[in-house]
Amino acid sequence: MMKQPETMKVTNEKRSSIFMAIVRKEFADYIRSWRIIILLAIIVLTCIGSLYTAVTTIQDVVDNQDAVARSMASEQQLFLKMFTVSDGILPPFVTFVTFLGPLLGIALGFDTINSERNNGTLMRMMAQPIPRDYVINAKFVAAILINTLLFFSLGFLVMAFGILFIGIPPTFEEFIRIILYLVLCIVYIAFWLNLGILFSVRFKQAATSALAGIAIWIFFSIFYSMIINVIAKSYLTSESITTMEELISRQGFIAFLMRLSPNYLFSESTTILLTPHVRTTNPFGLTLEQSAGSIVSPLPLDQSLMLIWPQLTGIIAATLICFAVSYIMFMRQDIRTN
């Protein structure tokens with residue numbers, strides 16, 4: 001009777017070691033993949049370029065200020081502007097992440113399963129005493145580790161450059177906002193990663209799954225906002241609008257349509273986190289009634305989190321749904337057929 005818990009402990013430890021071995025193997029494959037290396041290099045170089053332009057722009061402003069102005073600039077959370085400020089030549093840091101992050105996620109996930117099936121390695125792996133769900137879970141964990149390592153390295157690199165060149169250290173609230181932004185980047189890329197894994201499970205050819213993922217990325221990045229703007233132009237300027245309440249209701253409907261895009265959810269959350277002076281998520285701004293009596297000051301962190309909580313929930317929900325669908329499809333597939 002006393003040996004059963006020890007047996008269970010040994011079994012759980014063995015399963016954990018098997019899972020971690022698969023994660024290490026997938027992580028090493030990602031690191032050695034030229035496709036991933038090129039994408040990581042592009043993201044790092046573009047982010048460093050945008051960081052350089054932001055640092056030089058802010059440094060020129062700070063150098064022309066006296067000590068009192070420098071202290072006031074610190075109080076206005078100037079440190080966060082390194083992620084959002086641009087000199088007009090290169091886009092800011094957040095724009096590059098919004099544009100290139102989905103490509104990284106799709107590149108990490110579009111051939112995770114179908115390439116193993118086509119090469120015959122998936123069947124040989126399943127012939128071993130390895131639970132089937134370990135395969136897809138380990139691939140997801142390894143890709144998340146890659147993203148975490150990349151974005152936290154870039155985030156701390158930005159903070160280090162800011163302290164060295166600007167001379168204004170971040171406050172505790174600014175540091176927490178930057179950490180939350182980096183976590184948001186990882187969750188945002190995890191959505192596109194799971195979308196790529198879903199297409200990898202659904203389609204047999206890696207090229208098909210890659211094209212499907214890129215098509216959805218292009219649609220949400222370029223065409224979706226165009227479609228909503230066309231709808232909004234006629235919907236909000238209609239002569240049938242007679243009251244302010246009806247106009248606000250229609251604006252809310254257009255905002256709802258915009259928030260069906262993961263790109264818009266991420267951009268909206270990023271703006272609130274890194275620009276504390278933004279006081280609303282309404283794309284049409286505050287009404288006169290809402291702005292009456294308000295004091296122009298940055299929002300505290302808890303208030304900013306309350307504003308973006310629906311957006312964060314939406315991104316996390318979309319990520320979990322994509323992973324759940326791909327997980328169920330993979331567990332039900334017959335791996336003996338190609």
Stepwise ring-ring contact (aromatic ring centres under 6.0 Å, His included) check, Trp217 with Phe99: CA-CA 9 Å; Trp217 167 66; Phe99 184 76; 5.3 Å; yes
Short side-chain to backbone donor-acceptor contact, Ser261 and Met258, under 3.5 Å: no
Could you measure the distance from the CD1 atom of Ile106 to the CD1 atom of Ile214? Nearest 0.5 Å is fine. 6.0 Å
Considering non-hydrogen atoms only, spot the tightest contact between Pro169 and Glu174 and give its length. O-OE1, 4.1 Å
Taking Pro300's backbone N and O only, do any of them form a donor-acceptor pair with Gln303's side chain (distance below 3.5 Å, no angle check)? no
Would you mind reporting whether Phe199 and Ile216 have side-chain heavy atoms less than 4.5 Å apart? yes
State, yes or no, whether a side-chain contact exists between Arg259 and Pro310 at a heavy-atom distance under 4.5 Å. no
Least distance between heavy atoms, Phe151 atom then Leu182 atom: O-CD2, 3.4 Å
Taking Arg132 for its side chain and Phe330 for its backbone only, find out whether a donor-acceptor pair lies under 3.5 Å. yes
So, taking the atom named CD1 in Ile43 and the one named CZ in Phe96, what distance separates them when rounded to the nearest 0.5 Å? 11.0 Å
Say whether Ile186 and Phe175 are linked into one hydrophobic cluster, either directly or through other cluster members, by side-chain heavy-atom distances under 4.5 angstrom. yes
Check the pair Leu108, Leu39 against side-chain contact (heavy atoms from CB on, under 4.5 Å), reporting the backbone distance first and the verdict last. CA-CA 10 Å; Leu108 288 170; Leu39 273 175; over 6 Å; no
For a 4.5 angstrom cut-off between non-hydrogen side-chain atoms, does Ile308 reach Thr270? no
Hey, does the side chain of Tyr30 reach the backbone of Ala143 with a donor-acceptor pair shorter than 3.5 angstrom? no
When rounded to the nearest 0.5 Å, the distance separating CG of Leu320 from SG of Cys322 is 9.5 Å
Group every Ile, Leu, Val, Met, Phe, Trp and Tyr by side-chain heavy-atom contacts under 4.5 Å, then state whether Ile189 and Leu45 land in the same group. no
Nearest heavy-atom pair of Thr98 and Val94: which atoms, and what distance? OG1-O, 2.8 Å
Within-4.5 Å side-chain heavy-atom neighbours: Gln333 and Arg117: yes
Do Ile179 and Leu312 sit in one hydrophobic cluster, given that two such residues count as connected whenever their side-chain heavy atoms are within less than 4.5 Å of each other, even indirectly? yes
Should the pair Phe93 and Phe83 be assigned to parallel (<30°), tilted (30 to 60°) or perpendicular (>60°) ring geometry? perpendicular
Taking every non-hydrogen atom, the tightest pair across Asn194 and Phe323: OD1-CD1, 3.4 Å
Please name the pair of heavy atoms, one in Asp111 and one in Ala206, separated by the smallest distance, quoted to 0.1 Å. CB-CB, 3.9 Å
In this structure, CG of Leu211 is separated from CD of Gln205 (nearest 0.5 Å) by 11.5 Å
Could you state whether Trp34 and Ile42 fall into the same hydrophobic cluster, counting links through intermediate Ile, Leu, Val, Met, Phe, Trp or Tyr residues with side-chain heavy atoms under 4.5 angstrom apart? no
Can any side-chain N or O of Asn118 pair as donor or acceptor with the backbone N or O of Lys204 at less than 3.5 Å? yes
Kindly determine whether Ile197 and Tyr327 satisfy side-chain contact (heavy atoms from CB on, under 4.5 Å), including the steps that lead there. CA-CA 9 Å; Ile197 294 176; Tyr327 180 89; over 6 Å; no
On the 0 to 90° scale, with breaks at 30° and 60°, tag the Tyr188-Trp192 ring pair as parallel, tilted or perpendicular. perpendicular
Using the rule given for side-chain contact (heavy atoms from CB on, under 4.5 Å), can you reason through Val44 versus Leu150, listing the C-alpha separation, both sets of side-chain angles and the distance that settles it, and then say yes or no? CA-CA 8 Å; Val44 171; Leu150 171 65; 3.8 Å; yes
With heavy-atom distances below 4.5 Å as the criterion, would you say the side chains of Ile113 and Lys139 are in contact? yes
Ser209 (side chain) donor-acceptor with Phe110 (main chain) under 3.5 angstrom: yes
Applying side-chain contact (heavy atoms from CB on, under 4.5 Å), run through Leu80 and Thr84 and close with a yes or a no. CA-CA 7 Å; Leu80 294 176; Thr84 58; 5.9 Å; no
Side-chain (Ser200) to main-chain (Thr112) donor-acceptor, under 3.5 angstrom: yes
Does any part of the side chain of Met329, heavy atoms only, come nearer than 4.5 Å to the side chain of Val325, both counted from C-beta? yes
Measure from the side-chain N and O atoms of Ser225 to the backbone N and O of Ile222, and report whether any donor-acceptor pair falls under 3.5 Å. yes
Linking I/L/V/M/F/W/Y whenever any side-chain heavy atoms sit under 4.5 Å apart, do Ile231 and Met226 land together? yes
Specify the closest pair of heavy atoms between Ala142 and Val23, including all atoms of both residues, with the distance to one decimal. CB-O, 3.8 Å
Do Val158 and Ile178 have side-chain heavy atoms sitting under 4.5 Å apart? no
Are more than 12 heavy atoms from other residues, nucleotides or ligands located less than 6.0 Å from atom CE of Met306? no
Approximate separation, where rounding is to 0.5 Å, of Leu265 CG and Glu268 CD: 7.0 Å
SG (Cys185) and CG (Leu104) are apart, to the nearest 0.5 Å, by 11.0 Å
Would you indicate whether the side-chain heavy atoms of Leu180 and Leu305 approach each other to under 4.5 Å? yes
